[in-house]
Amino acid sequence: MKVGLNRGCMRSLIDVVDLTVEEIDELINVANDIIENPEKYQEKCKGKKLATLFYEPSTRTRLSFTAAMMELGGNVLGFSEASSSSAMKGESIADTAKMLSCYADIIAMRSPKEGAPFVASKAASIPVINAGDGGHCHPTQTLGDLLTIKREVGRLDNLTVGFCGDLKYGRTVHSFINALSRYKNIKIVLISPEELKLPNYVKYEVLDKNKMEYRETTSLEEAIPGLDVLYMTRIQQERFVDIDEYNRLKDSYILTVDKLQNAKDSLVIMHPLPRVNEISVKVDDDKRACYFKQALYGKYMRMALILKLLDEAKKNPQKEQMYNLDEVVFDKFTCTNPRCITSTEQELTQIFKCVDKKNGIYRCIYCEKKANN
């Protein structure tokens, strides 16, 4: 699925697969050290400023980034909704990123438009962290998810992981599957209604290409006994165009204490939050419920990531190379995804990358929508 950007010097994080497995291991090690020795990191970012650009509502991610920077001794500035920014006056993402580069040292950005953080990273002269872009991806959530499994299970390989709920629009699911595809002997169980199945391109370009074992089912009860990890997700009303379809699907899966009777004692139950009603509050008292720990682990991984990107920016202040010119085409196709940043941002070049030369498949470099060629 990943477009596969060729990174140069100064780093931003747009997708979790921009990081190598070795770099993820390094981040996990730093996060673990922060947990064990918090006092060692209290002034690591003294004098540094994080700008939070949140064009979409957020509680956990925005506050997690804020807490992460403050616990590193840094400061935070920014906005928590588009209505309180100059976006309401028509300011472009690129101009906002250039402006904030004058005031801050690093940016964390969330937008409902897929590819917006990528556009910001092209324009900014400081690192940009994708804090979620529409239904595209959510790399820092995935980093927290990986730390959760590492600490709660003790390994990141030889696992059977079930994803339940909205697998079509769930950016956390897409990012997490992408990350897990690089670990050994990972088996995936996809649990969803037919209307919210994992997109075919994720199956083909991630699961199939990486020869991952997976199966699909509509039954949560049938899948639970064989799982090491259960990743529940919310049916996301904000991603639906048809409210009637949302109302029909919103209660598709509700995890209860009774449904856990046949689950492993070692099962790890995860959820990116916010929860609506897909996990009964009675499950919170089960020792296998790890979703609030998961939120805490996300803060530690964001701390480790901020440290890494600021350190790399200090060592390599040059602008990064965003893509390999030999692998992309310009203005040959037009992205038809209404959620892509190219649908609203003025004068953006249409850039597509060849992801499958044999079958002539090109994907938008901003949102990964397949070209209609």
Side-chain angles (χ1 to χ4, degrees), residues 1-7 10-28 30-31 50-56 58 60-62 64-65 68-69 97 106-122 124 126-150 156 161 163 169-183 202 205-206 231 233 270 272-273 294-295 297-310 312-313 320 322-323 341 363 365-368:
M1 178 175 67
K2 179 66 184 130
V3 169
L5 306 180
N6 185 14
R7 297 290 172 184
M10 185 190 295
R11 300 273 305 274
S12 288
L13 181 66
I14 306 303
D15 193 319
V16 70
V17 294
D18 291 341
L19 298 167
T20 65
V21 172
E22 291 73 23
E23 287 176 318
I24 291 174
D25 289 342
E26 172 196 337
L27 289 171
I28 288 174
V30 172
L50 166 73
T52 55
L53 278 65
F54 278 67
Y55 293 89
E56 189 176 49
S58 169
R60 272 146 304 280
T61 304
R62 183 173 64 85
S64 178
F65 268 110
M69 193 59 169
I106 189 168
I107 293 170
M109 179 181 180
R110 168 169 288 188
S111 172
K113 286 296 180 179
E114 297 169 12
F118 176 72
V119 171
S121 70
K122 288 176 62 180
I126 57 178
V128 174
I129 300 172
N130 181 2
D133 60 334
H136 184 215
C137 58
H138 196 348
T140 62
Q141 175 68 50
T142 299
L143 291 174
D145 295 343
L146 291 170
L147 179 61
T148 301
I149 294 179
K150 183 70 173 180
L156 289 172
V161 183
F163 292 91
Y169 300 112
R171 61 190 171 199
T172 58
V173 171
H174 302 170
S175 287
F176 201 16
I177 289 176
N178 235 328
L180 290 173
S181 71
R182 297 187 291 175
Y183 293 91
V202 182
E205 294 176 20
V206 179
Y231 198 96
T233 65
M270 300 173 66
L273 303 177
Q294 185 182 349
Y297 292 147
K299 180 191 70 174
Y300 294 125
M301 284 299 270
R302 290 179 177 107
M303 292 172 74
L305 178 65
I306 289 169
L307 288 172
K308 177 179 176 62
L309 293 182
L310 285 175
E312 292 194 12
E320 63 181 349
M322 301 304 293
Y323 36 71
I341 188 62
R363 292 202 175 277
I365 208 151
Y366 304 99
C367 72
E368 301 190 61

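Numbers here are sequence positions counted from 1.
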> Roughly how far apart are L305 CG and E26 CD, rounded to 0.5 Å?
Replying inline: 10.5 Å
> Are the side chains of C367 and F118 in touch, meaning some heavy atoms are under 4.5 Å apart?
Replying inline: no
>> A side-chain contact here means heavy atoms from C-beta on lying under 4.5 Å apart; do P139 and D18 qualify?
In response: no
>> Between L146 and L27, does the side chain to side chain contact (heavy atoms under 4.5 Å, CB included) criterion hold? Intermediate values first, please.
In response: CA-CA 10 Å; L146 291 170; L27 289 171; over 6 Å; no
> Taking all atoms of both residues into account, what is the closest heavy-atom pair of R182 and T20, and its distance?
Replying inline: NH1-CA, 3.9 Å
> Taking only residues two or more places apart in sequence, or in another chain, which ones meet K299 in a salt bridge (charged side-chain N to carboxylate O under 4.0 Å, His left out)?
Replying inline: E71
> When you look at D133 and Y366, which way does the side chain to side chain contact (heavy atoms under 4.5 Å, CB included) test go after all the steps?
Replying inline: CA-CA 10 Å; D133 60 334; Y366 304 99; over 6 Å; no
> Do the non-hydrogen side-chain atoms of I28 and L156 ever get within less than 4.5 Å of each other?
Replying inline: yes
> Do L19 and L143 pass the side chain to side chain contact (heavy atoms under 4.5 Å, CB included) test, and can you show the C-alpha distance, the side-chain angles, and the key distance before you say yes or no?
Replying inline: CA-CA 10 Å; L19 298 167; L143 291 174; 4.0 Å; yes
> Between F176 and F163, how do the two ring planes meet: parallel, tilted or perpendicular, split at 30° and 60°?
Replying inline: perpendicular
> Counting N and O atoms only, with roles assigned by atom type, does the side chain of S181 sit under 3.5 Å from a partner on the main chain of N178, one being a donor and the other an acceptor?
Replying inline: yes
> Under the side chain to side chain contact (heavy atoms under 4.5 Å, CB included) criterion, do Q141 and Q294 qualify, and how do the steps go?
Replying inline: CA-CA 9 Å; Q141 175 68 50; Q294 185 182 349; 3.4 Å; yes
>> Could you measure the distance from the CG atom of L147 to the CD1 atom of I24? Nearest 0.5 Å is fine.
In response: 11.5 Å
> So which heavy atom on R302 is nearest to which on S64, and how close?
Replying inline: NH1-OG, 2.9 Å
>> So which atom in M301 and which in A31 form the shortest heavy-atom distance, rounded to 0.1 Å?
In response: SD-CB, 3.6 Å
> Any idea which heavy atoms bring A68 and I306 closest together, and the distance?
Replying inline: CB-CD1, 4.2 Å
> Applying the side chain to side chain donor-acceptor pair (under 3.5 Å) test to H136, which of K113, E114, E368 qualifies?
Replying inline: E368
> Considering all heavy atoms of both residues, which atom of V128 and which atom of P117 are nearest to each other, and what is their separation?
Replying inline: CG1-O, 3.8 Å
> With a 4.5 Å limit on heavy-atom distance, are the side chains of K308 and V30 in contact?
Replying inline: no
> Can the positive tip of R110 be found less than 6.0 Å from the middle of the six-membered ring of F54, inside 45° of the ring normal?
Replying inline: no
>> Return the CG to CE distance between L307 and M69, rounded to the nearest 0.5 Å.
In response: 8.5 Å
> Do you know the tightest heavy-atom contact between M109 and A120?
Replying inline: SD-CB, 3.6 Å
>> Between C137 and N130, is there a side-chain heavy-atom distance shorter than 4.5 Å?
In response: yes
>> Just verifying a value: how many Å separate S175 OG and L180 CG, rounded to the nearest 0.5 Å?
In response: 11.0 Å
> Rounded to the nearest 0.5 Å, how far apart are OG1 of T52 and CD1 of I106?
Replying inline: 12.0 Å
>> Within this structure, what is the CG-CG distance for the pair L50 and L310, rounded to the nearest 0.5 Å?
In response: 8.5 Å
